[in-house]
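Let me begin by presenting the structure, written as structure tokens, before commenting on it.
Sequence lines set the chain letters: A, B, ... in the order given, protein chains first and strands last, and positions in each chain run from 1. Keep in mind the model is a prediction, meaning the values are calculated, not measured.
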Amino acid sequence: MASNLVIVESPAKAKTIEKFLGKDFTVKSSFGHIRDLSKKNFGIDIENGYTPQYIIPDDKKKVVEDLKKAAGKAETVWLASDEDREGEAIAWHLYDVLEIEPGKVRRIVFHEITREAILKAIENPRTINMELVNAQQARRILDRLVGFELSPVLWKKVKPSLSAGRVQSVAVRLLVERERDILNFKSTSSFRVTAHFEATDNKDQKSRFRAELPKRFPERDQALEFLKKCVDARFQVTDITTKPSVKSPPAPFTTSTLQQEAGRKLGFSVAQTMAIAQRLYESGKITYMRTDSLNLADSVLSAAARLIKGEFGEKYVKTRKYKTKSKGAQEAHEAIRPTYLQNRIEGSNSNEQRLYDLIWKRTVASQMSDARLEKTTITISISGLDEYFTATGEIMKFEGFLKVYMESDDEEQEEQVKGLLPPLKKGDRPVALNITATERFTQHPPRYTEASLVKKLEELGIGRPSTYAPTISTIQNRGYVVKEDRPGTQRKYKVIQLEEKNIKEEVHTETAGSEKAKLFPNDIGMVVNDFLMNHFNDILDYNFTASVEKEFDDIAAGKLTWHHMIDKFYNPFHKKVEKTVETSEKNKGERYLGVDPESGKNVYVKIGRFGPMAQTGESESEEKPGFAALRKEQRLETITLEEALELFKLPRKLGQYEDKDVVAGIGRFGPYIRHNNKFVSLKKDLDSPYEIELDRAIELIEEKRRAEREKVIREFEGNDQMAILKGRWGPYITYKGKNYKIPKDTDPAGLTAEQCLSIIKNSDKKPAKKKTAVRKRQKPK
DNA sequence: CAGTGAGCGAGCTTCCGCTTGACTT
């Protein structure tokens with residue numbers, strides 16, 4: 001009979017620990033927090049000392065019942081939630097809810113999931129630290145007050161269903177500010193000069209290398225002038241320097257660095273990385289994936305040392321302990337690492353295997369020696385000129401950790417001229433095979449990816465490992481931000497080349513500014529951000545979280561009471577909220593563009609009920625104003641009067657066909673023709689909705705009709721609700737407006753009406769739709 | 001699938017941090 005009950009936060013952890021402990025112990029999990037503030041009336045009794053109103057959410061009722069039963073039977077209940085602010089609060093909620101006799105409860109913590117660590121924890125129980133719990137309650141109450149007071153202000157002043165909060169609003173601010181930096185960025189160009197040299201050594205061996213001119217020329221004329229002077233110039237090596245350098249391995253993974261590297265190396269979104277890591281964790285392959293700790297268990301350090309020695313040799317071993325630098329880290333877990341280092345491959349599909357491999361390499365590399373490099377710089381003078389070329393080369397003296405792992409960079413850097421250099425001496429006279437001046441452009445600051453935004457938030461101490469991925473999802477779900485690819489634009493650049501005493505000048509084209517999986521703020525994100533910055537700049541301050549964190553620490557240290565802290569924050573904040581609701585204008589991001597020369601009416605852009613739109617004429621006037629939705633790629637901030645007027649040219653009436661109007665327009669899915677409530681897509685590049693004429697439109701309508709007719713594989717007499725059709729993904733049955741898949745290896749043309757009905761019946765059984773997972777999405781139009 | 005944009009008003013939306021399901025084309 002088990003007389004001890006141990007409660008941890010995660011079920012996977014419970015399973016592991018149960019194996020370490022004897023038959024006297026049952027280990028169960030709380031699945032995280034078991035109580036939360038009620039959603040009614042803020043869940044806080046503001047008038048009575050901000051008393052929190054806790055409830056057990058529906059999906060936790062079963063867990064709590066189960067724990068209560070087990071706790072009643074046990075002689076001793078060990079509360080073993082994580083050793084951080086949230087974990088301490090979970091322990092207290094458990095204690096409060098489970099109605100255990102005080103004498104039966106012990107609070108324990110451990111940092112490693114090993115038998116020794118747990119037994120040691122059990123020998124050293126303590127009581128629940130109420131000061132730490134109060135720090136958590138202050139954190140929870142502050143976040144609720146901020147979120148539930150600010151969001152309704154947005155509903156009134158901007159648009160319903162929007163949200164604001166301590167973390168998400170700062171995330172949006174970062175993106176909006178970066179976007180404006182990019183919009184305001186003026187790219188300039190200059191000419192970069194590179195040369196290919198050939199050197200001949202005393203054994204008549206020839207070798208080639210590249211060199212670069214450190215100086216850049218701002219104008220084409222100066223670059224040309226320089227090349228002209230090089231035509232008859234001679235080149236000489238005047239200096240050779242070598243400098244040793246060392247590179248140390250990166251620290252083991254935390255949640256944030258794992259998300260970054262999996263994004264860069266494997267192309268995973270942060271949500272994808274977390275889901276895959278979760279599966280590896282649940283199957284016991286890796287340690288916990290939501291962590292800010294860089295710590296590895298001592299047993300792992302020795303295992304790594306053994307493994308590296310066996311695999312690569314003694315000199316590759318250098319065990320290290322890493323210290324976290326990130327603000328507000330709570331370090332309740334270990335770094336993310338393989339559970340068993342000796343297992344080189346793990347995971348039940350390729351994504352799991354790739355992520356495991358990344359974690360394995362990073363963990364092992366973190367315990368390996370530094371790489372030693374030697375960087376050589378050769379200076380080459382040009383006769384008659386002050387300018388000089390430099391060639392740099394890097395040689396690896398000792399690979400060290402680079403044998404296993406190389407960290408990726410965020411920014412795409414300009415290709416550097418590096419590599420092996422021939423053995424040159426001072427005084428050598430290499431020959432220039434060619435010298436090229438290429439026009440290069442300065443680049444705007446990079447847009448954030450999901451992972452680089454997480455990195456930035458972590459640097460600012462905003463958000464926690466468990467919330468990075470959900471925060472990124474929230475700001476996308478609210479429509480503040482979209483993640484997407486954008487094609488670049490063609491850009492011309494000049495190339496001037498000197499080769500065999502001839503100078504030729506050419507113009508090349510390149511694609512610039514294309515973006516892949518980057519975060520772009522939408523108009524609504526910008527409008528909300530501006531509104532919040534205007535009225536609540538203190539909450540949006542990048543240091544707001546850091547300063548309240550300091551106060552939470554003071555509460556945890558017993559130097560400040562949580563009532564006092566919350567009261568000091570809430571009074572002025574609430575006054576500001578009330579004042580804003582009373583006095584501020586509605587903020588629709590309206591911008592006045594100018595006067596329509598044809599009608600003389602004013603033209604505006606703003607956010608309407610269905611998203612960003614343009615308007616001609618006044619809303620208050622008797623004559624109804626004209627409306628047109630902005631195109632997907634247009635922004636309130638940047639659209640011009642001409643572009644806005646263009647929008648009103650569509651939809652365009654082309655004429656009549658079969659007594660019905662034929663209309664051309666651009667919709668969500670591109671240009672279209674509408675006739676008799678049926679839509680025909682225009683062919684890209686072939687037809688323009690601005691120019692297409694009636695004859696061509698009729699042609700397209702007829703073409704579509706023909707395709708529709710050919711689509712029918714079979715119809716049924718006396719039943720015009722049902723048909724067998726040919727679709728993009730093969731044949732299917734349509735019945736009363738819904739479509740059904742035909743089972744493989746069935747001849748679609750040979751199906752009888754009865755057989756069709758039975759297929760329909762079978763597939764109708766499956767979808768038992770539940771309401772729970774339905775999430776509201778705002779798609780930008 | 002793509003159009004829409006009056007005005008009224010009921011009833012709803014919303015935060016951050018812990019944890020996993022149970023959904024589906």
So [X], base contact, sugar-phosphate only, or nothing? Heavy-atom distance under 4.0 Å.
X: A/Ser151; value: base
X: A/Asp59; value: nothing
X: A/Phe42; value: nothing
X: A/Glu282; value: sugar-phosphate
X: A/Gly165; value: sugar-phosphate
X: A/Ala89; value: nothing
X: A/Val146; value: nothing
X: A/Gln168; value: sugar-phosphate
X: A/Gly463; value: sugar-phosphate
X: A/Pro465; value: nothing
X: A/Thr467; value: base
X: A/Arg144; value: base
X: A/Gln136; value: nothing

Respond yes when some side-chain nitrogen or oxygen of [X] is under 4.0 Å from OP1 or OP2 of [N], and no when none is.
X: A/Arg478; N: B/dT14; result: yes
X: A/Ser30; N: B/dT19; result: no
X: A/Arg166; N: B/dG17; result: yes
X: A/Tyr468; N: B/dG17; result: no

Record whether the side chain of A/Arg140 comes under 3.5 Å of the base of B/dC15 through a donor-acceptor pair of N or O atoms.
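Yes, a donor-acceptor pair under 3.5 Å.
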B/dC18 base / A/Arg290 side chain donor-acceptor hit below 3.5 Å:
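No pair found.
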Salt bridge check, A/Glu646 against A/Lys649: does any charged N sit closer than 4.0 Å to a carboxylate O?
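Salt bridge: yes.
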Is there aromatic stacking of A/Trp155 against B/dT13, centre distance under 5.5 Å, plane angle under 30°?
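Yes, aromatic ring over the base.
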Using the rule for Phe, Tyr, His and the six-membered ring of Trp, do A/Phe679 and B/dA2 stack at under 5.5 Å and under 30°?
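Whether judged by distance or by angle, A/Phe679 passes, so it stacks on the base of B/dA2.
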Is it the case that A/Arg107 places NZ or CZ above or below the six-membered ring of A/Tyr95, under 6.0 angstrom from the centre and within 45 degrees of the axis?
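No, A/Arg107 does not lie over the aromatic ring of A/Tyr95.
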Per the side-chain contact (heavy atoms from CB on, under 4.5 Å) rule, which among A/Leu162, A/Val527, A/Asn529 passes with A/Tyr480?
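Going through A/Leu162, A/Val527, A/Asn529 one by one, the side-chain contact (heavy atoms from CB on, under 4.5 Å) with A/Tyr480 is satisfied by A/Leu162 alone.
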May I ask you to check whether A/Tyr54 and A/Gln137 show a side-chain donor-acceptor distance below 3.5 Å?
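Indeed, the side chains of A/Tyr54 and A/Gln137 share at least one donor-acceptor pair under 3.5 Å.
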Any side-chain donor-acceptor pair under 3.5 Å between A/Glu131 and A/Asn134?
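Checked: A/Glu131/A/Asn134 side chains show no N/O donor-acceptor pair below 3.5 Å.
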If you assign each of A/Phe31 and A/Leu37 to its closest nucleotide in DNA chain B, which residue comes earlier from the 5' end?
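Counting from the 5' end, the first nearest nucleotide belongs to A/Leu37.
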Those residues that, when tested against A/Arg705, pass salt bridge (Lys or Arg N to Asp or Glu O under 4.0 Å) (two or more places apart)
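Partners of A/Arg705 by the salt bridge (Lys or Arg N to Asp or Glu O under 4.0 Å) criterion, ordered by chain and then number, come out as A/Glu658, A/Glu702.
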What nucleotide among B/dG17, B/dC15, B/dT19 has an atom nearest to a side-chain atom of A/Val167?
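Given the options B/dG17, B/dC15, B/dT19, the side chain of A/Val167 is closest to B/dG17.
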